[in-house]
Every structure is written in C-alpha cells, then in structure tokens.
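Written below as structure tokens is the structure these notes are about.
Just so you know, these numbers use all the heavy atoms, side chains as well, and skip hydrogens, waters and symmetry mates. Residue numbers run from 1 in the order of the sequence given. Counting starts at 1 for both ligands and their atoms, in listed order. Please read these numbers as outputs of a predicted model, since none were measured by experiment.
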Amino acid sequence: MWNYFYIFNFICCINAVTYNSFYGVPATAEEIAKFQEKNIAHICLSNFEPCDENEWSRVDGSCDNLEHPTLGMYNTPMLRMLPANYSEGFEPRKTKSGNDLDLARQYRLLLLKVGEGLNEKLTTAVSYFMEFVTADIGSAHDILTYLVSVPYCCQPKGLSNPLCTPNYIPENDNLHRFTGITCLNMTRPLSFQSTGCVAADTVPNRINLATTNFDLSMVYYYAAGSIQQTRAFEGGRLKVEVVEDGIFPSAANANTTCFLKEAFKTGCSRNVPNGLIGMNMFIVWVWRFHNLIADTLAKLNPSWDDETLFNTARDINIAHFLQIMFYEFYTIILGRENMIKEGIIGCDNGFRDPYDPKVLPGLSTEFGYAARWFHITQDARQRMYDKNNNFIDTVAIINYSLRSQNLAFNKTMEGLAHGIHIQAAAAFDDTVHPDLADLGLGGLQRSFDILTADLSKGRYFGFAPYSQYRDFCTDYTIKHEKFEDLNYLMRPSKIEELQRVYKDLVDVELMAGIWSENLMEGAWVPPTIYCIIVNQLKRSVASNRHWYERPNRPHAFTEAQFHEIRKASLAGLLCAVGDGISEIQPQVFLRIGPGNNKMGCENIPRLDLTAWKDPISDSRY
Ligand SMILES: *[C@@H]1O[C@H](CO)[C@@H](O)[C@H](O)[C@H]1NC(C)=O
Ligand SMILES: *[C@@H]1O[C@H](CO)[C@@H](O)[C@H](O)[C@H]1NC(C)=O
Ligand SMILES: *[C@@H]1O[C@H](CO)[C@@H](O)[C@H](O)[C@H]1NC(C)=O
Ligand SMILES: *[C@@H]1O[C@H](CO)[C@@H](O)[C@H](O)[C@H]1NC(C)=O
Ligand SMILES: *[C@@H]1O[C@H](CO)[C@@H](O)[C@H](O)[C@H]1NC(C)=O
C-alpha cells in the first residue's frame with residue numbers, strides 16, 4: 001500500500017539514459033533485465049534525460065554534476081564521514097570485551113531525563129524548520145516499514161524476520177513497569193543491500209529517497225515523478241485546494257480533495273507530502289509562496305509561458321529558502337562567525353562562487369542522523385494563538401505525525417503560525433519531552449520512544465565509536481582513549497553517567513556521547529553536531545552547480561535580482577503567506593524581546609519581484 005514512495009515514472013523519458021543508481025554508471029542490458037525481473041528497477045536504476053549544461057536545475061536532481069549525472073538524484077547511495085563499524089553479519093558492533101551492548105532503552109533512561117524545559121533565546125520555529133530542512137535531503141520512510149509493512153516486530157512472528165530490530169524494555173523501567181509494555185516496534189534501515197540492488201555481503205548503504213542537494217525537493221519532487229501531478233501546468237503554478245479558506249498543497253483533479261484525505265486509508269496523498277508537523281507546516285507556506293511568485297511574475301511578464309514561469313518561480317523560491325536556511329537559521333544555530341570562517345557563507349552581500357566540480361554531491365549518513373539530536377529541542381506541546389495573540393489551545397504535535405491533513409481544520413495553521421514565533425523552544429539540554437519519550441507517534445503506536453530509537457538506529461547504521469568521531473572532529477590533534485579525555489567536552493557528572501553504562505570509552509555510541517556534551521560556545525549545538533553539520537554544509541555548497549550565490553550558473557540572477565534574494569527572512573515568508581500574520585518579530589527563530597519586538601509586516605523587508613520584469617517583454621507590450 002505504501003509503495004507509492006517508490007512509484008517510478010518512465011513516462012517522461014523518451015531519450016532517457018539508464019544508470020545503475022548505486023554505482024552511478026550506465027547500466028548494462030543484463031542489469032536492467034535482472035532488476036526488472038526482481039521488480040526492483042525503480043530503486044536500482046536511475047532514468048534521466050541526457051544532460052544539458054545550460055538548463056535550469058532539474059527537479060529530479062540529475063545532471064547537477066555533469067561528470068556524475070546521477071549523484072544529485074533520489075535513490076542514490078549515501079556517504080559516510082567515517083567507515084562503518086559493524087560486528088559480523090552487519091549486526092551492531094560489540095563492546096571492547098566482546099559482549100553485546102545493553103538495551104538502548106536502558107542507556108536512554110540514564111542519559112536523558114524526561115521532562116520539560118525552556119530555551120531562553122530560541123522559539124519553537126527552530127525545531128520545525130530543522131524538520132523541514134531535513135525533509136529536503138532525507139525521508140522518514142523507515143517509519144512506514146514498522147507501521148505498515150512489518151508491523152509485527154514485537155510479536156513472535158517478528159523473531160524470524162531479519163528486518164525486525166525492536167527495542168526491548170528493561171525490567172524495572174521507570175515507566176513501563178506500570179504499563180506492561182515490554183517491547184517497542186522498530187525495523188532495520190532499508191538499504192541497497194536489503195533491497196537486492198547490491199550483494200548482501202557488502203556494507204549496508206542507505207537509500208536516500210530525496211534529491212541530494214538542498215533544492216526544496218520536499219515541495220517539488222516529493223516522490224519520484226510527482227511533480228507531474230502537482231504542477232497545474234498553467235501560469236507556472238502548483239496545484240492547490242481550498243479548505244476552510246486556507247490554501248493547501250494538492251495533487252488532486254478539480255473539486256476532489258486530497259490534502260484532507262487520511263493517507264493511511266486512501267493513499268490519496270501519494271503526491272502531496274504527509275510527514276511530520278514541522279515539515280508539513282513549512283511545505284504549505286513554501287508551496288503558497290511558489291504560487292505567489294508565479295502569479296506576480298506572470299503579471300510582470302505576460303509573454304512568459306508556463307514552463308518559464310514555473311522554472312523562474314521555483315528558482316526564486318529555492319534561493320529564498322537557502323538564504324533563510326544559511327544566513328538566518330544556521331547563523332543562529334552554528335554561529336555566524338563560525339560559518340564565515342568555515343567558508344559556508346560569504347561575509348558580504350555580493351555574489352560568490354563556491355562551486356568546485358571535483359567536490360561530488362553527496363549526503364553523509366551522519367548528517368541525517370545528527371538531525372535527530374534536535375528531538376531534545378522540541379517542545380512537543382505547541383501552543384496556538386489567534387490573530388490578536390490570544391491563547392486558543394495546545395496541540396500535541398505527535399498527533400499530527402503522518403496525519404497532516406488535520407492542519408487544514410479549525411484554523412490550526414493560523415494557530416501554529418502565531419504559536420511558533422511566540423513560544424520558546426524546549427531547553428537544549430538533557431531533558432526530553434514526555435510525549436517524545438513515552439508516546440512518540442501519537443495514536444499510531446501504543447508507545448514509542450523516539451530517543452531510544454535514535455540511539456538504536458545508530459547501531460544499525462554501523463557508526464564508529466564516538467571517540468573516533470571526536471578524533472576526526474579535532475582533526476586528530478586530540479586523542480580520545482580514556483574517559484578523562486572527554487573533560488573538555490562535558491561536565492564530570494556526564495562523564496560519570498557514560499561510565500556507568502559503558503565500560504570503556506571505545507564502547508560509547510555516537511549519539512550517547514553527543515547527548516552528554518555541553519553546547520559549543522557561540523553556537524546552539526554540541527561540538528560533534530557542529531562538526532557533522534559543517535562537514536555536510538561545506539560539501540553541499542561546493543558541490544551544487546546551481547548554487548544560488550553563483551553569478552555564473554545557468555540562468556543566474558542579475559545583480560538587482562540577487563539584491564532582492566538577500567532580503568529573504570522567515571518573517572518575510574510568514575508575512576507573505578503565513579495564516580493571518582500581520583505583525584511579527586524580524587527574527588522569528590529568536591524569541592520576542594528587546595531588539596526583536598513585533599512590528600507590522602509593512603516594516604519587514606520583502607522581495608520586490610519587479611527585478612524579474614523582462615526588458616524584452618517590456619518593449620513588446
Ligand atoms: C570498530 O570498533 C571497535 C570498538 O568497538 C574498535 O576496536 C575497532 O578498531 C573498530 N574497527 C574499525 C575498523 O574501526
Ligand atoms: C468544480 O466545481 C465548480 C464549482 O462548484 C464547478 O463549476 C465545476 O464545474 C467543477 N468542476 C468539475 C471538473 O467538476
Ligand atoms: C474542530 O473543532 C470542533 C469543535 O471543537 C471539533 O468538534 C472537531 O472535531 C475539530 N476538527 C478537527 C479535524 O480537529
Ligand atoms: C492526541 O491524540 C490522542 C488520541 O490518539 C488523544 O487522546 C489526545 O487527547 C490528543 N492530545 C491532544 C493534546 O490533543
Ligand atoms: C507494535 O505493533 C503491534 C502491531 O501493530 C501493536 O499491536 C503494538 O501495540 C505495537 N506496540 C507498541 C508498544 O506500540
């Protein structure tokens with residue numbers, strides 16, 4: 001039923017080239033036949049049209065690197081910052097003394113405390129935007145395996161299914177000794193190996209279902225081929241439907257609603273996103289923003305056809321998003337000076353050309369994993385306010401997971417748009433909200449501990465010991481051999497906690513170490529998260545031929561246009577398309593306060609699209 005995540009579109013590809021998605025080289029006739037016979041061609045093969053170096057960036061991500069045209073596409077393999085470290089049969093690595101690690105839940109119980117706390121500087125917009133950013137380059141499809149295809153991992157039948165990797169509950173668990181629950185469902189990450197594209201005795205490599213670069217693929221190419229269903233093919237627009245006066249993404253024909261239908265039951269949301277609340281909320285806004293841009297461009301340039309309007313609007317929308325992500329969001333999270341020093345952002349507002357064709361597009365498994373650290377920053381009870389800032393209600397955000405259609409009802413989007421810029425994020429420390437630790441997926445499971453799953457997933461990804469990541473992150477200038485070597489990273493009591501559960505430093509798992517670290521000075525992340533994110537962003541910026549700051553990319557912005565893009569902010573986006581927003585603080589990721597007080601939208605800088613008025617159409621009309 002959930003196969004739509006893999007629906008493959010052969011229709012477009014009259015002159016298509018077929019590559020082996022794993023190896024990134026042309027596929028042989030023999031390979032093609034073999035994969036088709038096993039019914040896995042849609043994963044193991046990549047189809048795309050021959051590259052044209054002057055065209056717009058493609059929605060499927062192909063031809064970003066002209067020498068390696070598949071590397072930007074969905075269904076391509078992920079990189080690793082450090083080589084995998086498994087025990088035999090690609091099972092989780094053993095401890096130094098040769099034993100299995102203890103239950104992940106056991107470690108989670110000791111290392112993270114369940115409770116609530118407030119961040120004094122940041123708003124909940126941070127956690128939701130992080131979800132949105134992550135959805136651009138990854139997908140939560142693993143959840144579907146244990147919810148839908150293999151839902152029996154905690155039952156006797158699960159014991160014999162190699163996909164099942166449930167998390168057992170320790171005796172005397174402080175919560176579940178009262179609930180009687182002894183096991184939480186979970187499955188192994190899907191890989192090119194488990195799918196059958198590559199020999200099963202090679203190191204598991206995760207299949208990424210999103211395009212490799214940051215290109216709003218959660219809006220423009222949510223599932224392979226879906227853009228054909230979500231484009232209106234009129235005025236450059238994306239399809240929408242109207243529910244209770246709100247405009248929502250659609251893949252439906254006229255007069256049928258799709259956003260609203262429960263994905264589980266109808267499969268109708270095949271081509272419209274339905275994931276976690278944060279990503280869906282932002283997808284709705286960015287979707288609307290696309291149409292706002294397209295409509296404005298169409299008025300300015302009556303001669304432009306649908307294709308030109310669509311591509312130009314998409315290009316502006318992506319650049320607008322990247323400007324917010326790199327110059328607003330990450331400058332707060334990683335520190336602006338740090339990002340300039342690392343060469344991830346420029347230090348002035350001019351064009352720059354970070355592109356290096358020798359740096360290949362790719363995502364590290366560690367980067368996707370690092371996003372999970374942000375679970376502890378999430379306040380799972382979101383307060384909603386009306387237009388006049390009156391408190392309305394509190395929603396449990398886990399109740400929206402995979403049920404995003406509920407956003408369309410009862411002015412929920414308006415309540416959230418006002419809530420996320422007012423409410424504080426949860427404390428960035430070792431507390432985790434009870435809904436995430438005890439409920440996890442709302443009504444979809446009786447109980448699920450997201451944080452235990454985070455730790456446990458790391459085992460099945462085969463990550464090297466935490467200490468090896470510290471060696472890497474310090475450029476091998478600091479040795480991490482015994483627990484005392486962590487003194488510069490965490491409080492003594494945190495080291496003691498790690499020592500209680502891990503006998504040797506080399507046994508400490510990546511996420512467990514990260515949970516124990518202090519935040520980095522001048523940033524809002526622990527040093528190892530900083531290291532992993534920076535490692536990825538450097539590659540993402542340098543490997544993207546269509547990077548928006550390049551003056552020499554295909555269809556590059558003019559200076560006047562680029563000047564407009566630099567005005568992008570989340571406040572500007574919400575003023576343009578946020579539900580009922582007429583005033584907001586200029587820096588939405590930061591809490592309202594001195595220097596960041598609410599002001600009318602007319603005072604928030606916005607893009608002036610007249611910079612895109614075509615001088616040729618001027619002379620014609
Ligand atoms: C894998 O991790 C173990 C510690 O669990 C370490 O002793 C071993 O050297 C590591 N192997 C590789 C190839 O890094
Ligand atoms: C959609 O609804 C409108 C107004 O109710 C109606 O005029 C139109 O014919 C409908 N379109 C289709 C394809 O049913
Ligand atoms: C909307 O609110 C009404 C009244 O509170 C409630 O009965 C209804 O179930 C809500 N709808 C949804 C989809 O939450
Ligand atoms: C979340 O959903 C459950 C039912 O699955 C319901 O009992 C609970 O009240 C909901 N929580 C909130 C805060 O809406
Ligand atoms: C695990 O999945 C089974 C089958 O769907 C379900 O009955 C059970 O409640 C789930 N376990 C938990 C703890 O949610």
> Would you find more than 12 non-hydrogen atoms of other residues, nucleotides or ligands less than 6.0 Å from Lys479 atom NZ?
Replying inline: no
>> Checking contacts here: is it the side chain or the backbone of Cys183 that comes within 4.0 Å of ligand 5, counting heavy atoms only? Could be both or neither.
In response: backbone
>> Once you restrict to heavy atoms under 4.0 Å, what part of Pro465 touches ligand 1? Side chain, backbone, both or neither.
In response: side chain
> Can you tell me which residue and heavy atom of the protein come closest to atom 1 (C) of ligand 1, and the distance to 0.1 Å?
Replying inline: Asn85 ND2, 1.5 Å
> Under a heavy-atom criterion of less than 4.0 Å, does Lys96 contact ligand 1?
Replying inline: no
> Just which atoms of ligand 4 are under 4.0 Å from any heavy atom in Ala396?
Replying inline: 11 (N), 12 (C), 13 (C)
> Among protein heavy atoms, which lies nearest atom 9 (O) of ligand 4, and at what distance?
Replying inline: Asn399 ND2, 4.8 Å
>> For the CD atom of Glu116 and the NE2 atom of His433, what is their distance to the nearest 0.5 Å?
In response: 4.0 Å
> What is the ring orientation for Tyr488 with His480, classed by angle as parallel under 30°, tilted 30 to 60°, or perpendicular over 60°?
Replying inline: tilted
>> I'd like to know whether ligand 5 has Cys154 as a neighbour, heavy-atom separation below 4.0 Å.
In response: no
> If you count the atoms of ligand 5 from 1 in the order shown, which ones are under 4.0 Å from a heavy atom of Gln155?
Replying inline: 3 (C), 4 (C)
>> Can you name the atoms of ligand 5, numbered from 1 with element, that are less than 4.0 Å from a heavy atom of Pro151?
In response: 2 (O), 3 (C), 4 (C), 5 (O)
> Is there at least one protein heavy-atom neighbour under 4.0 Å from atom 4 (C) of ligand 1?
Replying inline: yes
> Would the SG atoms of Cys153 and Cys183 measure under 2.5 Å apart?
Replying inline: no
> Could an N or O of ligand 5 be found under 3.5 Å from any N or O of Ser447, whether backbone or side chain?
Replying inline: yes
